[in-house]
Amino acid sequence: MMELPVRFEQLLPYSTNTNKGKLVAGSEESNTPGQSFSAMLKDAVQSVNTAQNEADKMAADFAAGRSTDVHTVMIATEKASIAMQLTIQVRNQAMEAYREIMRMQV
């Protein structure tokens, strides 16, 4: 089993603040100790979706000529790609753990 040297929170430093409806860097709302697993998972998926949407918008702006900073576009695209890959790997590991539990004899 391969361990990742980076935590999910380090890849996505932005989370959705539902009170204001905008991205807030280092939001403490998503890191509360009493938060349920489903809420944490929902926040993580929303962060990946936000990163994907932001990268798509930046790429479209670059293609339309509204932006000339290719570095920022590439960084946003790679962050979104890495976040998606991490999400897929976490899903695969969770599914494998579920299958393993289901194979156990009671």
Side-chain angles (χ1 to χ4, degrees):
M1 181 182 337
M2 187 176 116
E3 291 290 326
L4 295 174
V6 180
R7 292 188 333 221
F8 189 74
E9 297 84 27
Q10 291 172 323
L11 290 174
L12 299 170
Y14 298 97
S15 65
T16 305
N17 186 343
T18 56
N19 295 335
K20 298 178 184 172
K22 63 181 178 179
L23 291 177
V24 178
S27 175
E28 295 298 321
E29 183 177 315
S30 64
N31 295 328
T32 58
Q35 186 178 25
S36 69
F37 178 74
S38 62
M40 181 189 69
L41 190 61
K42 181 180 177 184
D43 288 345
V45 170
Q46 284 178 344
S47 295
V48 172
N49 187 39
T50 300
Q52 290 283 338
N53 290 339
E54 184 178 325
D56 288 345
K57 183 183 180 312
M58 291 177 81
D61 287 347
F62 181 76
R66 291 187 286 265
S67 173
T68 58
D69 189 14
V70 69
H71 303 297
T72 306
V73 174
M74 289 305 298
I75 289 170
T77 303
E78 285 301 312
K79 279 185 178 181
S81 174
I82 291 170
M84 180 60 76
Q85 290 173 13
L86 179 63
T87 302
I88 290 169
Q89 289 300 319
V90 168
R91 183 216 46 194
N92 291 344
Q93 290 293 320
M95 291 302 296
E96 185 59 34
Y98 174 77
R99 287 186 197 113
E100 186 68 26
I101 290 170
M102 295 307 291
R103 283 191 291 254
M104 287 181 183
Q105 294 181 357
V106 183

What verdict does the side chain to side chain contact (heavy atoms under 4.5 Å, CB included) test give for Asp43 and Gln46, after you've listed the backbone C-alpha separation in whole Å, the side-chain angles of each residue and the deciding distance to 0.1 Å? CA-CA 5 Å; Asp43 288 345; Gln46 284 178 344; 4.0 Å; yes
Inter-residue atom distance Gln35.CD - Leu41.CG, 0.5 Å rounding: 10.5 Å
Are Glu54 and Lys57 close enough that some pair of their side-chain heavy atoms sits under 4.5 Å apart? no
Same hydrophobic cluster for Ile82 and Ile75, using side-chain heavy-atom links shorter than 4.5 Å among ILVMFWY? no
From Gln52 CD over to Ser47 OG, what is the distance, rounded to the nearest 0.5 angstrom? 12.0 Å
For the residue pair Ala80 and Ala51, what are the closest heavy atoms and their distance? CB-O, 3.7 Å
Nearest 0.5 Å please: distance from the CZ atom of Phe62 over to the CG atom of Asp69. 8.5 Å
Counting only N and O atoms by type, is there a donor-acceptor contact under 3.5 Å from the side chain of Thr77 to the main-chain atoms of Val73? yes
As an exercise, state the distance from CE of Met104 to CD1 of Ile101, rounded to the nearest 0.5 Å. 6.0 Å
In terms of hydrophobic clusters joined by side-chain contacts under 4.5 Å, are Val90 and Met95 together? no
Inter-residue atom distance Asn49.CG - Thr87.OG1, 0.5 Å rounding: 10.5 Å
Would you say Asn92 and Glu96 make side-chain contact, with heavy atoms under 4.5 Å? no
